[in-house]
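I have placed the structure first, in the form of structure tokens, so that the comments after it can refer back to it.
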Amino acid sequence: MPLSPQHSLADVPPEPGFPLITEGMPATSVFARLDGLREQYPAFHSDDRPGFWTLTRYADIDIVLRDTNTFTSRSVFVGNPDIRGRWWPVMLDPPEHAPWRRLITPYFTPRAVEGMTDWVTSRCESIVSSLAAQGSCDFVSEFSLRFPTGVFAQLMGFPERDTDQIYRWQQKIERPGTGPDRQHQVAEGALSLAGYFADLIAQRRSAPGDDLISAALNWQMDGEPVSDDDIISLCAMLCSPGFSTVPAQLSYIFRHLATHEDDRQRLIADPALVPAAVEEFLRLYPVGMIGRKLARATDRGGCPMQAGDMVMLAVPAANRDPRAFPDPLSFRPDRPETGHLAFGAGVHYCLGARLARLELRVAIEQWHRLIPDYRIAAGADLTEHQSQTIWLDSLPLTWSPRPA
Ligand code: HEM
């Protein structure tokens, strides 16, 4: 039964509510909670500041992603409906969106990503081979935060030694906590990132390199050079996938593989299955939730929504919706084409999807080549945190060390 806007989840026992931010929950509990909510409610309202709707079913979310007239991207942060500034292209609606998206498309074409394959593979191999001799690691901090962030640094043109600091600023924005200084944390992270990228732009202007920021200095929009502020906004936007989404996705993939011996052995025995396995992991554990802002009143999921309301598209619930996927909680890499929504849909479909797929595939292949037999460390208590991205806090793995 859908809820009317007068209700909130807090009125619906026994659900504990669906807050915007959670910390320290048992691993995969956000997925399980959304599975339960989806079966009860196609849509529901949460009172957690500033109040937002959540849509849970595949069919509704797919429609919303393609209806940019009603569900705009003026803000994609459910907790911040009136965000100042604009992260392009993700926060632009048609028709303004397409020309901006075209500016960065050349970096993500099949050819461009193909050109990165050797470098991405050798970078991954060098990290995994240095870990192999250790016999254990925290997968999150020692691998999933090092491998994709280095790839991203190379793409953008910032020194890899700066990635730790950029990650800390990025975390202030994406994981500001639930305390009273939450907005302050977000602002501090955003300002620090903007200052860093402003300095980098100035450096690239005097000494251009072979990277996205240097190229951006020659971009034009409507016959005018793209401003430094717009380049900074793009950099900030791209930090989210570069520092959050890919690392978070890797953490759930390797948690699954470390706890499902049969699936791991199957991929080791038949590496040709890995690309299909990546798609199935993206379907089964999508780590991103998408925000939209209502341009006009509408009715979706049985709930009357008003202009200005924020809507969370619970992609994890949609990707595990039994109405869209038979046996949705099983990992089945041999599923026919799924049309999962992990990368969104419609005009904002993830531009970096090809690069992300490459990174996920290479991570599985290289890890299994060098560390085929691994498990979660005895006694580890796996927890996760959630904002619009779902993350494992850590993933302690052990294996028999290989000689260096
Ligand atoms: C597993 C990894 C990734 C996931 C799950 C993911 C997911 C998404 C999703 C759901 C959207 C749509 C957002 C919306 O509709 O509001 C999106 C957009 C986008 N992503 Fe990704 N992403 C990933 C990796 C990447 C990477 C590695 C890059 C590039 C470095 C990237 C660049 C972009 C860009 C530029 C957009 C905006 C496209 C537009 O607005 O036209 N993503 N991503």
Side-chain angles (χ1 to χ4, degrees), residues 55 61-62 64-68 71-78 83 86-109 112-113 116 120 144 147-158 166 170 211-213 216 233-254 278-293 310-316 318-319 340-364 388-391:
L55 287 170
I61 292 180
D62 192 47
V64 166
L65 285 169
R66 296 166 201 280
D67 179 3
T68 55
F71 295 90
T72 75
S73 295
R74 270 170 230 161
S75 170
V76 292
F77 301 106
V78 171
I83 186 166
R86 48 168 209 169
W87 279 12
W88 65 271
V90 78
M91 281 174 41
L92 298 178
D93 293 309
E96 200 187 358
H97 165 262
W100 287 91
R101 179 170 164 123
R102 271 199 295 277
L103 283 177
I104 50 170
T105 299
Y107 289 85
F108 302 103
T109 59
V113 173
M116 295 175 76
V120 168
S144 67
F147 165 50
T149 52
V151 172
F152 183 62
Q154 170 89 358
L155 174 77
M156 301 298 289
F158 53 77
I166 298 175
Q170 176 65 20
D211 54 65
L212 194 146
I213 292 178
S233 294
L234 174 70
C235 294
M237 187 259 134
L238 288 173
C239 278
S240 179
F243 284 90
S244 290
T245 332
V246 184
Q249 195 68 64
L250 279 168
S251 69
Y252 284 96
I253 291 177
F254 277 80
V278 164
E279 289 315 302
E280 181 64 347
F281 282 130
L282 286 160
R283 184 197 65 77
L284 188 55
Y285 306 108
V287 294
M289 295 196 265
I290 300 174
R292 289 291 185 263
K293 184 169 181 173
M310 291 304 295
V311 183
M312 173 94 91
L313 307 179
V315 174
N319 270 7
H340 68 70
L341 299 175
F343 290 124
V347 297
H348 291 287
Y349 183 81
C350 176
L351 196 50
R354 244 181 233 104
L355 175 58
R357 287 181 167 116
L358 170 69
E359 293 180 72
L360 301 177
R361 171 176 70 74
V362 165
I364 297 172
Q388 274 183 233
T389 307
I390 311 167
W391 276 82

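Heads up: numbering here begins at 1 and tracks the sequence. Scope of the values below: all heavy atoms of this structure, side chains included, with no hydrogens, waters or symmetry mates. Fair warning: this is a prediction, and the values are worked out from it, not measured in the lab. Both ligands and their constituent atoms are indexed starting at 1 by order of listing.
Contact check for Phe152 versus Leu355: no side-chain heavy atoms found under the 4.5 Å cut-off. Glu279 places a side-chain heavy atom less than 4.5 Å from the side chain of Leu282. Under the 4.5 Å side-chain criterion, counting only non-hydrogen atoms from C-beta, Ser73 is not in contact with Lys293. Residues Leu341 and Leu313 are not in side-chain contact: their nearest non-hydrogen atoms beyond the backbone lie 4.5 Å or more apart. No side-chain heavy atom of Arg292 sits under 4.5 Å from any side-chain heavy atom of Thr68. Between Gln388 and Met312 the shortest side-chain heavy-atom distance falls below 4.5 Å. A 4.5 Å side-chain heavy-atom check between Ile290 and Val76 finds every atom pair outside the cut-off.
Close approach of ligand 1 to Phe108 is summarised as follows: ligand atoms under 4.0 Å from at least one heavy atom of the residue are 29 (C), 30 (C). The distance from ligand 1 to the heavy atoms of His97 drops below 4.0 Å at these ligand atoms: 39 (C), 40 (O), 41 (O). For ligand 1, the atoms lying closer than 4.0 Å to a non-hydrogen atom of Val246 are 2 (C), 27 (C). Under a 4.0 Å criterion applied to the non-hydrogen atoms of Val347, ligand 1 contributes the atoms 41 (O). Counting atoms of ligand 1 from 1 in the listed order, those under 4.0 Å from a heavy atom of Pro241 are 24 (C), 25 (C), 26 (C), 28 (C), 31 (C), 32 (C), 42 (N).
For atom 32 (C) of ligand 1, the closest non-hydrogen atom of the protein is Gly352 N, 3.6 Å. Ranking protein heavy atoms by distance to atom 12 (C) of ligand 1, first place goes to His348 O, 3.4 Å. Among all non-hydrogen protein atoms, the one lying nearest atom 34 (C) of ligand 1 is Met237 CE, 3.6 Å. In terms of protein heavy-atom proximity, atom 16 (O) of ligand 1 is nearest to Arg292 NH1, 2.8 Å. Protein heavy atom nearest atom 4 (C) of ligand 1, with residue, atom name and distance: Thr245 CG2, 3.4 Å. Of all protein heavy atoms, the one closest to atom 6 (C) of ligand 1 is Phe343 CD2, 3.6 Å. In terms of protein heavy-atom proximity, atom 2 (C) of ligand 1 is closest to Ala356 CB, 3.6 Å. Protein heavy atom nearest atom 8 (C) of ligand 1, with residue, atom name and distance: Cys350 CB, 3.7 Å.
Residue nearest to atom 13 (C) of ligand 1, selected from Leu238, Leu358, Val90: Val90 (by heavy-atom distance). By heavy-atom distance, the residue among Ala342, Gly288, Ser244 lying nearest atom 10 (C) of ligand 1 is Ala342.
Residue Arg101 places at least one N or O, backbone or side chain, under 3.5 Å from an N or O of ligand 1. Remark: ligand 1 and Tyr349 share no N or O pair separated by less than 3.5 Å (distance only, no angle test).
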Check: Should Asn319 and Leu284 be marked as a side-chain contact (heavy atoms from CB on, under 4.5 Å) after you check the CA-CA gap, both sets of side-chain angles, and the distance that decides it?
Finding: CA-CA 6 Å; Asn319 270 7; Leu284 188 55; over 6 Å; no
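The number of heavy-atom neighbours closer than 6.0 Å to CZ of Arg86, taken from other residues, nucleotides and ligands shown, is above 12.
Phe77 and Trp87 have perpendicular rings, their planes meeting at more than 60° on a 0 to 90° scale where under 30° would count as parallel. Taking the six-membered ring where the residue is Trp, Phe281 and Tyr285 present parallel rings, their angle staying beneath 30° rather than reaching 60°.
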